[in-house]
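Start at 1 and go down the list; that is how both ligands and their atoms are numbered. Positions are given from 1 along the sequence. Only heavy atoms go into these numbers, but all of them, side chains included; no hydrogens, no water, no symmetry mates. If you're wondering where the values come from, they're calculated on a predicted model, not measured in any experiment.
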Amino acid sequence: MSTQQKNEEQQCFRAGFVALIGRPNAGKSTLLNQLVGQKLAAVSNKPQTTRFRIQGIITRPDGQIVLVDTPGVHKPGYAMNRRMMSTVQDALLGVDLVCLIRDASVGTGNGDRFVMDLVRKSGKPALLLLNKIDKLADKAELLPLIDWYRHEYDWHEVIPISALRGSMVDVLLDQVMKHLPESEALFAEDELTDQSVRTMVAEIIREKILQTTEEEIPYVTAVVVEKWEEEREDFTRIYCAIFVERPSQKKIIIGKGAARLKDIGTRARQEIEHLLGHRCHLELFVKVEEDWRNKNHLLDEMGLNQ
Ligand SMILES: Nc1nc2c(ncn2[C@@H]2O[C@H](COP(=O)(O)OP(=O)(O)OP(=O)(O)O)[C@@H](O)[C@H]2O)c(=O)[nH]1
Ligand SMILES: [Mg+2]
């Protein structure tokens, strides 16, 4: 390669925003964490885990990809869910490229049509990512799905992936980069996310609750950091409130002899200490706040302020 060619290539730096959208549980946040190489977003097998926009930044020699993880598309029943859905719509407006993530191990339903309509309305260039291919016995199972989606939109690429295992993610990143505009970097090279450490701490705790409870509990739970004391450079005391809607739900989260709350606290503390890089004391208390998902002032305080 001549020096001139080399210089031209070096000058072609690309950067832009890429929305990860799809139905709840499709694996958007798993993919975000996998691509950035660090745990940024809560993940669970319960739908509606992500409640707000989470940015993850990947900087490479040839460009910068700003991934925008969004809540899974669903029919909103509460003010909180309406905010979640406007987050998705806003994210679609502000990006250069859309990645529709689809759990390829489940059948097509009304929800898919709804997501498809959002992508179509955005009119943005889009990639279709067929996720969870590790769950398929035979890759030929993808063919009817690809056929369905091919009729719906003019996809730039269709890429089968496993977000969990990290299969095909290099191919995916190359394809994403190809469709971004030439631009200077949008964020500093060492920046990984737009989230504050406090938000990440609250999300770690909420994730542990989602992972250790069933039925309605994941949906009615919110976590707010109420006090943060940096006692020493290497020791932080963190006090968090866990909101639920009814006394019976409070009982479930606390558990027999406070066993469940203790378990949630231990799991969360280990991950928080890893994030902070030092030891911490974590204190959790459960508060009942009736119908908080419909109270705008509480949603604002919880940072669900779309
Ligand atoms: N087997 C398998 N499981 C996956 C894969 N990707 C994600 N999952 C699992 O799918 C579940 C949902 O993953 P999330 O990343 O939370 O899904 P999401 O799309 O962000 O969900 P919401 O935030 O609720 O919209 C979790 O249990 C993940 O471990 C994959 O490639 N293979
Ligand atoms: Mg998510």
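Less than 4.0 angstrom separates some heavy atom of K135 from each of these atoms of ligand 1: 1 (N). Of all the atoms in ligand 1, the ones that sit under 4.0 Å from a non-hydrogen atom of N45 are 27 (O). Taking a cut-off of under 4.0 Å to the non-hydrogen atoms of P47, the atoms of ligand 1 that pass are 24 (O). If you number the atoms of ligand 1 from 1 as listed, the ones under 4.0 Å from a heavy atom of G27 come out as 7 (C), 13 (O), 14 (P), 15 (O), 17 (O), 18 (P), 19 (O). Which parts of ligand 1 touch G72 is read off a 4.0 Å heavy-atom cut-off, strictly below it: atoms 25 (O). When each atom of ligand 1 is checked for a heavy atom of Q48 under 4.0 Å away, the hits are 24 (O).
The distance from the OG1 atom of T59 to the CD atom of E189 is 6.0 Å, given to the nearest 0.5 Å.
Here the heavy atom of the protein found nearest to atom 9 (C) of ligand 1 is K132 NZ, 3.9 Å. Protein heavy atom nearest atom 14 (P) of ligand 1, with residue, atom name and distance: T30 OG1, 3.5 Å. Among protein heavy atoms, atom 6 (N) of ligand 1 sits closest to N131 ND2, 3.2 Å. Here the protein heavy atom with the shortest distance to atom 29 (O) of ligand 1 is L164 CD1, 3.9 Å. Scanning the protein for heavy atoms near atom 12 (C) of ligand 1, the closest one is N25 OD1, 2.9 Å.
Summarising the contacts of atom 19 (O) of ligand 1 with E207, R102, K28, M168, the nearest heavy atom is found in K28. Checking S105, S44, S162 against atom 16 (O) of ligand 1, the nearest heavy atom belongs to S44. With D134, V88, I161, L20 as candidates, the residue nearest to atom 32 (N) of ligand 1 on a non-hydrogen basis is D134.
Cluster membership for V223 and L261, using ILVMFWY side-chain heavy atoms within less than 4.5 angstrom, is shared.
Taking 4.0 Å as the cut-off between side-chain N and carboxylate O, R51 and E203 do not count as a salt-bridged pair. No salt bridge links E290 with R246; every basic N to acidic carboxylate O contact stays at or beyond 4.0 Å.
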(request) Evaluate the salt bridge (Lys or Arg N to Asp or Glu O under 4.0 Å) criterion for residues R83 and D300: first the C-alpha distance (whole Å), next the side-chain angles of each, then the deciding distance (0.1 Å), finally the verdict. (result) CA-CA 10 Å; R83 288 179 181 215; D300 288 342; 2.9 Å; yes

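For the Mg ion (ligand 2), the N/O/S atoms of S29 include one lying under 2.8 Å. Within the coordination shell of the Mg ion (ligand 2), defined by N, O or S atoms under 2.8 Å, T70 is absent.
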